[in-house]
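In what follows, every heavy atom counts, from backbone to side chain, and hydrogens, waters and symmetry copies are set aside. Worth saying up front: this structure is predicted, and the values here are computed from it rather than measured.
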Amino acid sequence: MAFRSFPAVPSQPCTTQPCTTQPSASNPSSCRAPYRDWKSDLTDCCVDKQICICGTFAPCVLACQVATGLGECCCLPLLPGAMVAARTALREQLRIEGDVCRDWLATCCCCPCAMCQMAREMKNPC
């Protein structure tokens, strides 16, 4: 089974509303999209069968693919706490609600599920 890497996460979040004002130095976030929920729950691992299989039998491979999809080195998952930072970065880039505490809990207590959730978001960011 060949597993394709994910497309790079867009640097600008997906917006559904038109921008009515130009961003400026005094108001840089005037066109930012509102925060949203994750598209799938942490325990919805089997929503995407390919990601589920990879996350179940080779979570280290999935973690490396998530890291490279974020523009980081594929060795990032080997560093302690790095996937917490990667999850936080993904959440901020895609304007997903949450906080660092929840990111830590997800990656430390349910790492394969967290990797699958991140992979699903990266696969379909908008």
Q) Looking at residues at least two apart in the chain, or sitting in another chain, which of them share a side chain to side chain contact (heavy atoms under 4.5 Å, CB included) with Cys73? A) Cys75

(Q) Among residues at least two apart in sequence or on other chains, which ones pass side-chain hydrogen bond (donor to acceptor under 3.5 Å, both in side chains) with Asn124? (A) none

Name each donor-acceptor pair under 3.5 Å that joins a side chain in residues 105-113 to protein atoms two or more places apart or in another chain, with its distance.
residue, atom, partner, partner atom, Å
Thr107, OG1, Asp103, O, 2.9
Thr107, OG1, Trp104, O, 3.3

Q | For Ser40, side-chain hydrogen bond (donor to acceptor under 3.5 Å, both in side chains) partners two or more places apart | A | Arg120

Q) Just how far is it from atom CD of Glu121 to atom SG of Cys116, taken to the nearest 0.5 Å? A) 12.5 Å

Q: Can you see which heavy atom on Met118 is nearest to which on Leu70, and at what distance?
A: CE-CD1, 4.5 Å

Q) Rounded to the nearest 0.5 Å, how far apart are CG of Leu94 and CZ of Arg36? A) 5.5 Å

Q. Between Ala67 and Pro77, which heavy-atom pair has the shortest distance, and what is it?
A. CB-CD, 4.1 Å

Q) Where do Cys46 and Cys52 come nearest, in terms of heavy atoms and distance? A) SG-SG, 3.3 Å

Q: Consider only side-chain heavy atoms of I, L, V, M, F, W and Y, link residues closer than 4.5 Å, and tell whether Ile96 and Val66 are in one cluster.
A: yes

(Q) Test of understanding: with side-chain hydrogen bond (donor to acceptor under 3.5 Å, both in side chains), list the residues that count as partners of Arg102, not counting sequence neighbours. (A) none

(Q) Minimum heavy-atom separation for Met122 and Leu90, please, with both atom names. (A) CG-CD1, 3.7 Å

Q) Sequence neighbours excluded, which residues qualify as salt bridge (charged side-chain N to carboxylate O under 4.0 Å, His left out) partners of Glu72? A) none

Q: Identify the two heavy atoms, one from Leu62 and one from Gly55, that lie closest to each other, and give their separation to 0.1 Å.
A: CD2-CA, 3.7 Å

Q: Please lay out, stage by stage, how Gln117 and Arg87 fare under the test side-chain contact (heavy atoms from CB on, under 4.5 Å).
A: CA-CA 10 Å; Gln117 186 183 37; Arg87 184 176 171 87; 2.7 Å; yes

(Q) Taking Met83 as the starting point, is it possible to reach Trp38 by hopping between hydrophobic residues whose side chains are less than 4.5 Å apart? (A) yes

Q: Could you tell me which residues satisfy salt bridge (charged side-chain N to carboxylate O under 4.0 Å, His left out) with Asp48, sequence neighbours excluded, listed by chain and number?
A: Lys123

